[in-house]
Each structure stands twice: as C-alpha cells, then as structure tokens.
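Read through the structure below, which is laid out as structure tokens, and then see the notes.
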Amino acid sequence: KSSKREWKPLEDHSCTDVPWLLLFILFCIGMGFICGFSIATGAAARLLSGYDSYGNICGQKNVKVEGIANSGLDLTHKKYVFFLDPCNIDLVHQKIKSLALCVSACPRKELKTLADIQKFAETNGSTLCSYELQPSEYTTDPRAAKLCPKYPVPESAPIPFFHRCAPVNISCYAKFAEALITFVSDSSVLHRLISGVMTSKEIIMGLCLLSLVLSMILMVIIRYISRVLVWILTILVILGSLGGTGVLWWLYAKQRISASAVETQIAKDNLQALLIYAISATVFTVILFLIMLIMRKRVALTIALFHVAGKVFIHLPLLVFQPFWTFFVLILFWTYWITVLLFLGTTGTPVPNEEGFVEFRMVGPLKYMWWYHVVGLIWISEFILACQQMTVAGAVVTYYFTREKRNLPFTPILASVNRLVCYHLGTVAKGSFIITLVKIPRMILMYIHTQLKGKENACARCMLKACICCLWCLEKCLTYLNQNAYTATAINSTNFCTSAKDAFIILVENALRVAAINTVGDFMLFLGKVLIVCSTGLAGIMLLNYQRDYTIWVLPLIIVCLFAFLVAHCFLSIYEMVVDVLFLCFAIDTKYNDGSSGREFYMDKVLMEFVENSRKSMKEAGRGGGAEGRELKPM
C-alpha cells in the first residue's frame with residue numbers, strides 16, 4: 001500500500017516523529033544535569049585547580065575530611081600540584097602513583113640533593129616535602145626519605161590552565177609511550193621514529209595542507225568536467241600507481257647501492273622501509289589493475305550520473321563546505337564531552353583508600369552516570385552526522401524537484417536547514433538512535449574481545465569476531481537505509497518508519513540499478529581518494545628523500561597518507577551522498593510520472609539518457625532486461 005501512495009514532493013510540510021524529538025531533548029537535559037552535577041560537587045575546581053593526596057584543593061581553603069590527616073588545610077597561597085615521583089606511572093589504572101602536594105611554585109631547575117630541596121624551600125617559600133615536615137628538618141629527619149620527593153627532582157613547569165607541575169623533559173614518560181605502542185620492541189626505534197616526526201614537522205604540515213588543496217581541486221574538477229572525469233581518474237590512477245611503484249623501486253635500488261658507503265642505523269631503517277613500501281605498492285597496483293579490468297565495461301555508465309551530480313554542485317556550491325561545518329560542530333561537542341568526562345573523573349565523595357590517602361568516588365545510582373555519558377557521545381555524534389545527511393538530502397531534493405532551476409531558493413542549503421529544524425529533528429533523532437542501538441553492542445563486544453585477547457579459546461574468539469562482523473554489516477545497512485529514509489522524509493514529509501519502508505520498496509524494485517550505480521560510482525570515488533593519497537604520498541617521498549640521512553620516513557609518511565585519506569573521504573563522501581539522493585529521486589520520478597500532461601518528469605535529460613544506456617547494456621548482457629523495461633517508461 002505504501003508503494004502505491006501518491007508522492008507529492010515539497011508540497012506538504014508537517015512535523016515528523018515529535019515524541020522522539022521530546023525524548024532526545026529529555027536525554028540532552030540529562031547530559032546537562034551530569035555536567036551541572038559534576039560542577040556543583042566541586043569537580044570543576046578539583047580538575048582545574050588540582051588537589052593533593054589528602055583531598056585538599058590547591059589555591060583555596062578546604063573542609064576537614066574525617067579520618068584523614070593533613071586534610072582541611074588553608075592552601076590559598078599554594079596553587080600548584082606537585083608529584084613527589086612524577087615518573088611512577090600506573091599503566092593499568094592510568095594514573096601517577098605518587099604522593100601529590102600543593103606547592104606555591106614548581107622547581108624550575110633540577111634539584112639533586114635534599115640540601116637543594118631545602119634551599120629551594122627557604123628561597124622560594126615552596127615546600128616540596130609533605131606538610132608535616134618543616135624545611136629545617138629536610139636534612140635531619142629520617143622520615144624525609146619517604147615524605148620528600150625522589151631526587152634528583154626534574155626541572156618542571158606548570159601546565160597552562162590546570163596548575164600541575166609537569167617535568168620539562170618528558171623522557172620519564174617513555175615507559176608509558178612504549179607500553180602504548182606495543183609494536184615497538186626496541187626503545188631506540190621509538191626514539192628515532194619520534195625524532196623523525198619532529199624533524200619533519202614542517203613537511204608534514206605542508207603535505208597535509210596539500211591534501212586539503214587537492215581535495216578541493218578534485219571537487220571543482222567534478223563540477224566542471226564530469227563527463228571526462230571518470231576516464232581522467234582511471235588514467236591518472238594507472239599512471240600514478242605505476243609511477244609511484246617505479247619511483248619506490250628506483251629509490252630502493254639507489255639507496256642500496258649507496259648503503260655500503262653509509263653504515264648508519266637510520267640508513268638501514270630507511271632501506272628496509274623502502275623495500276616494504278615498494279613491495280606493498282607493487283601488490284596494490286596489481287590488485288587495482290585486476291579490479292579495473294573486471295569493471296571496465298561498467299565505467300561508462302557512471303559518466304552521466306556524475307554529470308548531473310556536477311550540476312548540483314554548480315547550483316549548490318555551499319555543499320562543498322558541509323564537511324567543515326559538520327566537523328566543526330563535532331569538535332565542539334567532543335570538546336564539551338571530554339571536559340565533562342574529566343569532571344566526572346574527579347567528582348564524588350572523598351573516601352580514604354588502602355594507603356591512607358583520599359580518593360573521590362561516586363556511590364549509589366550516580367556511579368552509572370558514566371554509561372549515560374558514553375551513550376550520549378554515540379547518540380549525539382550520530383545525530384549531528386544525521387543532520388548533515390538530512391540537510392544534504394533536503395537541498396538536493398529541492399534542486400531535483402524544482403522544474404525551473406532559476407526558481408530555486410537563494411540558498412537551498414539554508415532552506416533545507418530551516419525545514420530540518422522546523423519539521424524533521426524528531427526523524428533525525430529516531431534514525432540516529434537506531435544506529436546507536438547497533439553500535440553500542442558492537443563496541444561492548446570489541447572491548448570484551450580486547451580484554452580477553454590471548455585468554456579465550458579459538459571457538460569463543462571466532463564467535464566474538466563473527467558477532468562483531470555481523471553487527472558491523474547491520475550498522476552499514478541501516479546507515480544506508482537511514483540516509484534514503486531521510487531523503488524520503490525530505491520529499492514527502494513522512495515519519496521515519498513510513499519513509500524507511502517507502503525507500504526500501506523503491507530500492508528493492510531498482511535493485512539492479514542500485515548495484516550498478518553503487519558499485520561503479522563508489523569505485524570511481526575510491527579512485528579519487530587513491531589519487532589524492534598517492535599524490536600526497538609521492539610528494540612526501542620526494543621531499544623526505546632530501547632528509548634520508550638523518551630522518552626516518554616511516555611515521556611521517558604514514559601520518560601524511562592517513563590525513564590525506566581522511567580529508568579526501570570527508571569531501572568525496574558528500575559527492576557520494578548527492579549521487580545516492582539523486583538516484584532515489586530519479587527512481588521515484590520514473591515510478592510515478594510518465595511524461596504525459598500533468599505527470600511530467602522532473603529529471604534531467606542527461607540522467608534519462610544514463611538509464612537508457614544502462615538498460616541497453618544490461619539487456620545485451622542478458623541480465624534483467626525485462627525488469628528494466630518495466631521500470632522505465634518512455635518520455
């Protein structure tokens with residue numbers, strides 16, 4: 001019945017899924033309550049000003065904690081937290097296992113003996129030993145061995161805004177860094193990698209900027225030369241893959257010849273890295289050629305669709321900047337979320353631990369606020385991404401179903417945002433909640449798999465991986481269906497379930513077209529990402545080649561390539577989204593219009609030619625010719 005319902009694009013606007021909007025607002029109020037609770041209980045002051053091991057907040061008067069000595073002190077003039085042994089890090093609980101004190105100044109130079117610590121206290125008025133020791137007792141009292149800092153005391157400086165004394169030389173945190181980077185077994189390798197990044201930081205920043213510029217240029221090229229873009233991308237990727245592989249093998253051969261003259265560890269590491277890069281590039285090039293050989297007959301089918309999508313970007317240039325706006329909003333929310341998370345880490349009531357010091361713990365139902373906060377991270381992040389999808393869908397729907405393009409709104413993007421805020425926030429909240437329901441179990445299973453790594457048997461490991469894989473596939477399918485449901489909502493202003501059902505029926509009826517367009521179109525966009533990554537990586541290889549004698553390439557090149565792929569994905573995902581929205585609009589157009597008087601087509605002529613060519617190609621291949629003939633009515 002739903003598939004026979006008459007679609008009336010942009011003719012009716014009504015509020016959709018209002019109960020879900022109210023539920024989302026209540027959930028956000030709960031998130032605000034967590035933030036307010038953590039600030040009201042003093043967590044903000046403890047986070048920003050810091051506190052010692054006795055529960056005293058530095059820089060203010062404190063209240064006595066029952067059963068804890070040295071609590072309730074007036075530390076108005078002692079504004080900095082100082083750790084007696086800052087390099088004693090507990091990797092399991094992720095905290096510093098050291099007595100913390102409030103001091104009036106951080107030691108700005110290394111103190112090698114107790115006499116130096118005593119002199120520092122007498123000169124600067126900053127006592128670095130526990131409160132019960134007077135500076136005059138530092139060198140005479142036997143308790144000083146436990147109550148004074150481990151010497152030599154490293155030079156330290158206060159962390160801006162957080163009033164913690166941190167060692168200037170971070171070498172004492174090498175153990176922590178090496179524990180995080182488990183693939184590095186030799187600490188000297190880690191040090192050389194880090195030094196390579198620091199030495200090449202200007203080149204890394206320049207190459208990251210280059211990837212951003214290349215992505216913008218590719219979007220401009222898609223707008224204006226979409227007819228030849230597919231073939232240009234194909235040829236450039238072929239040449240880029242061959243050229244990149246050839247350059248890597250040439251550099252490897254050149255450095256292998258010169259390696260006998262320079263027997264340094266850095267030269268050996270670079271030679272080994274070049275060999276790995278060259279072999280990987282060769283395997284990647286062979287696989288890419290095989291895929292392009294298989295899909296060569298379908299490449300031409302995407303040209304017309306890319307051309308229509310290019311017209312959309314010509315009329316809606318603000319679509320190019322959608323990734324910036326979404327990323328900016330996500331960064332603002334993630335900053336807020338991390339800040340509240342840090343507040344929660346210091347909130348609660350003071351209780352003595354087994355060592356006689358103070359810890360702040362939440363008791364009762366309040367300790368479950370962590371889970372609520374984590375769910376809020378996933379749901380609100382998905383909500384922001386869904387708002388972007390709805391905004392893009394609304395703008396493209398406005399373009400497609402406006403017969404006279406000169407009658408388009410002045411800014412279709414802002415018009416789409418206005419419709420989203422006024423009518424469809426509930427639909428976005430419901431769709432993002434469904435993704436959250438699938439994502440949370442998958443993340444829990446991934447956490448269990450990580451914790452049980454090496455402990456579970458082969459059957460349990462296989463079952464866990466299978467469940468994680470199934471949930472991942474379900475999440476991807478639901479994300480694709482949600483995006484089409486948002487498009488249906490933008491067209492006909494129906495609620496989420498009705499829109500999802502209508503979109504699903506349309507997609508099933510056009511299964512062959514969906515498969516062809518998604519396969520070839522996504523592959524072409526993937527080639528665009530590969531082109532940007534290869535261009536940025538090749539530029540990085542040529543620039544880093546001038547520093548090969550004193551810089552390791554591995555980490556700088558990996559950082560640059562990952563950033564280039566991320567940037568290219570953000571930009572080209574918008575293009576992919578536009579293509580998907582255009583296709584659903586076109587499928588609805590061909591289903592409910594036949595070109596007769598009163599039922600004229602909305603579609604672009606080029607898009608109609610694309611479908612005609614697609615139908616002929618499928619008939620020639622003997623696949624689904626009858627279905628295509630039933631789908632497409634003559635103009």
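Position 1 is the first residue of the sequence; numbering continues from there. Note that the coordinates shown come from a computational prediction; the quantities given were computed from them, not determined experimentally.
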query = Stepwise, does the side-chain contact (heavy atoms from CB on, under 4.5 Å) test hold for Gln322 with Met577?
reply = CA-CA 11 Å; Gln322 275 298 121; Met577 204 179 300; over 6 Å; no

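In this structure, Trp379 has its ring center under 6.0 Å from that of Phe24. Between Tyr399 and Phe313, the distance separating the two ring centers is not shorter than 6.0 angstrom. In this structure, Phe586 has its ring center no closer than 6.0 Å to that of Tyr400. Aromatic ring centres of Tyr372 and Phe27 lie closer together than 6.0 Å.
By the 4.5 Å heavy-atom criterion applied to side chains, Phe433 and Phe496 are not counted as neighbours. Using a 4.5 Å heavy-atom cutoff, the side chains of Leu420 and Cys387 are in contact. Within the 4.5 Å cutoff, the side chain of Val18 has heavy atoms near those of the Cys15 side chain.
In this structure, a donor-acceptor pair under 3.5 Å is present between the side chains of Gln388 and Thr326.
Looking at Asn495, its side chain never comes within 3.5 Å of a backbone N or O of Asp17 through a donor-acceptor pair. At least one donor-acceptor pair closer than 3.5 Å links the side chain of Ser493 to the backbone N or O of Ser14. A donor-acceptor contact shorter than 3.5 Å is absent between the side chain of Ser416 and the backbone of Pro412. In this structure, Arg419 contributes its side chain and His424 its backbone to no donor-acceptor pair below 3.5 Å. Side-chain atoms of Thr489 come within 3.5 Å of backbone N or O of Thr494 as a donor-acceptor pair.
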